[in-house]
> 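Following this message is one structure expressed as structure tokens.
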Amino acid sequence: MLRHLMNVLDLSVDELDNLLTLAEQIYDRPEEYKDACHRKKLATCFYEPSTRTRLSFESAMLNLGGQVLGFSSADSSSAAKGESVSDTIRVISSYADICAMRHPKEGAPFVASLHSRIPVINAGDGGHNHPTQTLTDLMTIRKLKGTFSGLTIGLCGDLKFGRTVHSLVEAMVRYPDVHFIMISPDELRIPDYLRRDILDHNLIDYREVAVLEDVMPKLDILYMTRVQRERFFNEEDYIRLKDSFILDQKKMELARDDMLVLHPLPRVNEIATEVDNDPRAVYFKQAEFGVYVRMALIMTLLREAGSIA
Ligand code: CP
């Protein structure tokens, strides 16, 4: 059966747990998977800039013995001549076995999936969803904390435009006894739909605060985010808000010894580089886990499509 991934909620909790278990198995014994996708091709269709997502997808497919092709900007594809994503994916369905697509327009990978003969993975669509980042975040939390339940997670920075924050909240509320502390300036608070339809609807314990230092000692996880310049309507607002929270070593001293700092990256200046050497700073490890979780996802979708055993 042809299966796509548009949103992390497309996966049931059991499917998600199985996928994370597979990712951990690949991480522990990569040699066993080096030919799992022999002669299969991944197309990376990126209409928006990326370092981690595109290259970790490509690394993932190469690690599985497959091959990669694609484009890294709209300008270098026939989108520059006005080609639609539906025509593009029809053509790519003849060239590759699976496609990862990033697009600035929300819903574009979904439109592609409707016209595709190969699995399509949403690699980020505007301010909407970024499911493989969420899978990466979940693998990092599960691998380093051993559980999702009972954790207090601080989400800090741009909680309005930060698609990784929205997806992480939606994924985590499916596990018991999860608590959130939302740390943002007033203008960048979480969207109403997330507060009403996800947090309130599921009776989740959360609070919204404006001062990071006050809550540092309570956190098991601090998920930092960058203020998303590309989603702002005017530059003055961006400049006024961009340095609202800067995590430095002085603030880290307020945290527990076992608190972990995550960040989807890229970082601008919301985490001082002096924090990088703190053993609790795991954002580069998190980016590394992204390869393994994408290997597990590629294998899972190709298996369901009947392309690999
Ligand atoms: N985290 C993330 O999506 O990074 P890139 O934009 O570099 O892919």
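Whatever order the structure lists ligands and atoms in, that order sets their numbers, starting from 1.
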> For Gln286 and His263, indicate whether the former's side chain and the latter's backbone hold a donor-acceptor pair under 3.5 Å.
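Between the backbone of His263 and the side chain of Gln286 there is a qualifying donor-acceptor contact (under 3.5 Å).
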> Scan Val282, Asp137, Leu144 and name whichever one has a side-chain contact (heavy atoms from CB on, under 4.5 Å) with Phe289.
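So the option named by the test is Leu144.
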> Are any side-chain N or O atoms of Asp10 and backbone N or O atoms of Met6, one a donor and one an acceptor, separated by less than 3.5 Å?
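At least one qualifying donor-acceptor pair exists.
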> May I have every N or O pair linking ligand 1 to the protein at under 3.5 Å, one per line with atom names and distance?
residue	atom	partner	partner atom	Å
ligand 1	1 (N)	Gln133	OE1	3.0
ligand 1	1 (N)	Pro264	O	2.9
ligand 1	1 (N)	Leu265	O	2.9
ligand 1	3 (O)	Thr53	OG1	3.0
ligand 1	3 (O)	Arg102	NH2	3.0
ligand 1	3 (O)	His130	NE2	2.8
ligand 1	4 (O)	Arg52	NE	3.0
ligand 1	4 (O)	Leu265	O	3.4
ligand 1	6 (O)	Arg102	NH1	3.0
ligand 1	7 (O)	Thr51	N	2.8
ligand 1	7 (O)	Arg52	N	3.0
ligand 1	7 (O)	Arg52	NE	3.4
ligand 1	7 (O)	Arg52	NH2	2.9
ligand 1	8 (O)	Ser50	OG	2.6
ligand 1	8 (O)	Thr53	N	2.9
ligand 1	8 (O)	Thr53	OG1	2.7
ligand 1	8 (O)	Arg102	NH2	3.4

> Do Val68 and Thr44 have side chains that get closer than 4.5 Å, going by heavy atoms?
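A side-chain contact under 4.5 Å is absent here.
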> Would you call the rings of Phe71 and Tyr47 parallel, tilted or perpendicular, taking 30° and 60° as the class edges?
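Rings of Phe71 and Tyr47: perpendicular, over 60°.
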> Can you see whether Phe46 has Arg102 sitting over its ring - NZ or CZ less than 6.0 Å from the centre and within 45° of the normal?
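No, Arg102 does not lie over the aromatic ring of Phe46.
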